[in-house]
Structure formats: C-alpha cells, structure tokens
Engineer: 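Got a structure for you, written out below as structure tokens; questions coming shortly.
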Amino acid sequence: MLINVDGVEYYIDVRGEGEPLVFLHGFTGDSTTWEKVSLLLSQSFQIIAVDIIGHGKTASPGDISRYTMSNVAKDIIVILNQLKINKAHILGYSMGGRLALSFAMLYPERILSLALESASPGLKTPDERRERIRQDEKLANMILDKGIEEFVNYWGQIPLFKSQERLPKSILSEIRIKRLSNNPLGLVNSLRGMGTGSQTAWWDQLQNLHMPVLLLCGELDVKFCDVAHEMKSLIPHAKLVEFNGVGHAIHVEDPIKFGTIVRKQLLKQNFT
C-alpha cells in the first residue's frame, strides 16, 4: 500500500496478524529483502515492511532535508498513526538499524522492543564523522557521474559483503537487480542525509534505552560484532546474539535461523 506522508508517498507491505513488527531495510535495499523472514514471522506478528525514503517504491524527493534521521523517524510516526498502531516492535538492518535506533531515542513511548541487526549508534568523534561524510559524498558523486550500474558493481564488491559470495548465484542476481531498481537521486540523498557521518551519534545516550533491545551480528562481520558487544555493555536491557558462519546481512545469508531467533526473542519480550 501507499501512504502519503507530507507529500512523500511511502510504500508499505503489511501482512500477518499479531503485535506489529516494523522492518527497516539497509542502504540500496527495500522491503522485499525481508521476504523470507516475513513469511516466517507473519505467522506470529503483523509485519509492516517499509520502503525507506529514496528506496524501492517509495518516492525520492529532491529536498535533502526530507532524508535526515529525525525527519524519517517522524515519517514512521505518521505511518504508524495512519495504520492506527500505538506501539510496535522495530527491527532495523544496517542503515535501517541506525534509523530504528534513532526512532527509539526520539519516540521511546512508541516502542515495544528494539532489534538491531549489524547496526551502530553512529561515529564517536567529529573527525570520524567528517571523514565519513567525505566518503559518502564520494559515493554520491560516483552515482551522479558514472551511473547507478557502475555504483552497484562497486557496492556489491566492498569487503562488508564478502561473505555473500557463497550465496547461490540466483540470490546474488536478485540482490543486484533490486539495487539497480532504486532511484539514483534517492540513493544520493540517502547518502547525504542519512549517512553515518550525518546522523546524531547516540553512544552517550544508550543507557537511556529502557525497552528490551536485541542486538544481532554475524561472526564474520567482526567490526559490527565489536560494536554490538560495546553497545550491549551500555544498554540496560540488551541481549546479544552472534550468528555463526555469516556476515553483515544475516537475514539474507541465513533467513530461517534469523527469523526463528527473532521470533523466539520478540515473543519473550524480555531479552535479558
């Protein structure tokens, strides 16, 4: 379905029954990346899979201010209100995990639980943030100057996704096709507006998260597992699950195990 949020049409895939569970995908993804997990979890939850602004079937406005974490979190509030949902479980992956965490910080009263897959609270120092903004601007310019196909070729080969090389060629082809279907302007504005360097760094406020928080990482993604362990030490009610034999995109590399563990933990609603 399409939901108009202040002039921006968001595409939302809603299925299943039970407590609402919002899915927020990663950069260059869309709601369909959750398909296998949705099939499993929709037996226990009402799934609300969102195409984040600039991605999938959601609009890609030219106004970069629409892409800030705070504004996109506000958009999710409007979506929940239109769906008549007061509180929801929020599960976000990578960029979507940073959005989910920002949402939880800004609107904790709307959260049943928070699940973060391969996500971070941002960068700790101004120097790190400036360098990341510079890197993201370089990627944005690659899309503008060389086109989305060359960018997708590059993006699929970055070390973060090396563990996906073992996936069947049919799945890799599907991932590539979905990435190519995105609006180039949407990806550019996402990099500039929602990049890790542009967002608020939440490290000093993690102790204020009082809802159950589930942290998920793949053992081959050492960087984000290190981040998850540090986050666990700072969040009062957090549980960390580390998946063996997979990397950054756990829900793509091992969707059945991912969905089974998420279902079990969310139904408990007391992760510690």
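Values below: all heavy atoms of this structure, side chains included; hydrogens, waters and symmetry mates excluded.
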Engineer: So, taking the atom named OG1 in Thr28 and the one named NE2 in His55, what distance separates them when rounded to the nearest 0.5 Å?
Structural biologist: 6.0 Å
Engineer: Would you say the side-chain atoms of Ser163 and Glu253 include a donor-acceptor pair closer than 3.5 Å?
Structural biologist: yes
Engineer: Answer yes or no: is there a donor N or O on one side and an acceptor on the other, between the side chain of Gln265 and the main chain of Val262, under 3.5 Å?
Structural biologist: no
Engineer: Do Ser31 and Asp13 have side-chain N/O donor and acceptor atoms under 3.5 Å apart?
Structural biologist: no
Engineer: Does Asp204 CG have over 12 foreign heavy atoms under 6.0 Å away?
Structural biologist: no
Engineer: Sub-3.5 Å donor-acceptor pair from the side chain of Arg110 to the main-chain atoms of Ile85, do we have one?
Structural biologist: yes
Engineer: Under the side-chain hydrogen bond (donor to acceptor under 3.5 Å, both in side chains) rule, what do Ser233 and Glu230 come out as? Steps first, then yes or no, please.
Structural biologist: CA-CA 5 Å; Ser233 70; Glu230 188 172 357; over 6 Å; no
Engineer: Please name the pair of heavy atoms, one in Pro121 and one in Leu206, separated by the smallest distance, quoted to 0.1 Å.
Structural biologist: CG-CD1, 4.0 Å
Engineer: Between Tyr67 and Pro61, is there a donor-acceptor pair closer than 3.5 Å when you use the side chain of the first and the backbone of the second?
Structural biologist: yes
Engineer: How long is the gap from CG on Asp63 to CG on Asn71, to the nearest 0.5 Å?
Structural biologist: 8.5 Å
Engineer: Answer with yes or no whether the hydrophobic clustering places Leu2 together with Val8; edges join I, L, V, M, F, W, Y residues whose side-chain heavy atoms lie under 4.5 Å apart.
Structural biologist: no
Engineer: Going through the checks in order, is the side-chain contact (heavy atoms from CB on, under 4.5 Å) test met by Leu24 and Ile76?
Structural biologist: CA-CA 10 Å; Leu24 300 172; Ile76 295 171; 4.0 Å; yes
Engineer: Tell me whether Tyr93 shares a hydrophobic cluster with Leu160, the cluster being built from Ile, Leu, Val, Met, Phe, Trp, Tyr side chains joined at under 4.5 Å.
Structural biologist: yes
Engineer: Any donor-acceptor pair under 3.5 Å linking the side-chain atoms of Ser44 with those of Arg263?
Structural biologist: yes
Engineer: Is the charged tip of Arg179 near the ring of Phe161: under 6.0 Å from the six-membered ring centre and within 45° of its axis?
Structural biologist: yes
Engineer: Do Arg134 and Glu131 sit within salt-bridge range, that is, some charged N less than 4.0 Å from a carboxylate O?
Structural biologist: yes
Engineer: What's the spacing between Ile250 CD1 and Ser118 OG if we round to 0.5 Å?
Structural biologist: 4.5 Å
Engineer: How close do Thr58 and Ile52 get, heavy atom to heavy atom, and via which atoms?
Structural biologist: CB-O, 4.0 Å
Engineer: Rounded to the nearest 0.5 Å, how far does NE2 of His251 lie from CZ of Phe243?
Structural biologist: 11.5 Å
Engineer: Taking the basic N atoms (NZ, or NE/NH1/NH2) and the acidic carboxylate oxygens, is any pair closer than 4.0 Å for Lys178 and Glu174?
Structural biologist: yes
Engineer: Taking Gly96's backbone N and O only, do any of them form a donor-acceptor pair with Ser94's side chain (distance below 3.5 Å, no angle check)?
Structural biologist: no
Engineer: Quick check on the hydrophobic clustering: are Tyr107 and Trp202 connected, directly or via other members, by side-chain heavy-atom contacts under 4.5 Å?
Structural biologist: yes
Engineer: Side-chain heavy atoms nearer than 4.5 Å, only ILVMFWY residues, links allowed to pass through others: does that put Leu187 and Ile158 together?
Structural biologist: yes
Engineer: Could you tell me whether a side-chain N or O of Gln82 sits under 3.5 Å from a main-chain N or O of Asn4, the two making a donor and an acceptor?
Structural biologist: yes
Engineer: Please round to the nearest 0.5 Å and tell me the distance separating atom CZ of Arg98 and atom CE of Met69.
Structural biologist: 4.0 Å
Engineer: Out of curiosity, Leu191 CG to Gln135 CD, how far, rounded to the nearest 0.5 Å?
Structural biologist: 11.5 Å
Engineer: Does a donor on one side chain sit under 3.5 Å from an acceptor on the other, for Tyr10 and Asp75?
Structural biologist: yes
Engineer: Give a yes or no on whether the backbone of Lys57 and the side-chain of Asp51 come within a donor-acceptor separation of less than 3.5 Å.
Structural biologist: yes
Engineer: Honestly curious: do Val37 and Ile171 fall in one hydrophobic cluster under the side-chain, below-4.5 Å linking rule?
Structural biologist: no
Engineer: Measure from the side-chain N and O atoms of Glu137 to the backbone N and O of Ile133, and report whether any donor-acceptor pair falls under 3.5 Å.
Structural biologist: no
Engineer: Please confirm whether the backbone N or O of Gly56 pairs with a side-chain atom of Asn182, one donor and one acceptor, at under 3.5 Å?
Structural biologist: yes
Engineer: Please walk me through it: do Trp203 and Val227 pass side-chain contact (heavy atoms from CB on, under 4.5 Å)?
Structural biologist: CA-CA 10 Å; Trp203 283 103; Val227 169; 4.0 Å; yes
Engineer: Do the ring centers of His25 and Trp34 come within less than 6.0 Å of each other?
Structural biologist: no
Engineer: Step by step, would you call His237 with Met211 a side-chain contact (heavy atoms from CB on, under 4.5 Å)?
Structural biologist: CA-CA 7 Å; His237 308 290; Met211 72 285 290; over 6 Å; no
Engineer: Answer yes or no: is there an ion pair linking Arg130 with Asp127, defined by an N-O contact shorter than 4.0 Å?
Structural biologist: yes
Engineer: Does the distance from a Lys or Arg side-chain N to an Asp or Glu carboxylate O, for Glu149 and Arg176, drop under 4.0 Å?
Structural biologist: yes
Engineer: In terms of side-chain heavy atoms, does His248 have a donor or acceptor partner in Asp221 at a distance below 3.5 Å?
Structural biologist: yes
Engineer: Using modelled atom types only, decide if a donor and an acceptor are shared between the side chain of Ser173 and the backbone of Lys169 within a distance under 3.5 Å.
Structural biologist: no
Engineer: Would Phe103 and Leu114 satisfy side-chain contact (heavy atoms from CB on, under 4.5 Å), going step by step from the backbone distance to the final call?
Structural biologist: CA-CA 10 Å; Phe103 182 88; Leu114 178 65; over 6 Å; no
Engineer: Between His229 and Glu242, is there a side-chain donor-acceptor contact under 3.5 Å, judged purely by atom types and distance?
Structural biologist: yes
Engineer: Does a donor on one side chain and an acceptor on the other come within less than 3.5 Å for Glu35 and Thr32?
Structural biologist: no
Engineer: Check this for me, if you would: do Lys74 and Asp6 make a salt bridge, where the nitrogen-to-carboxylate-oxygen distance has to be below 4.0 angstrom?
Structural biologist: no
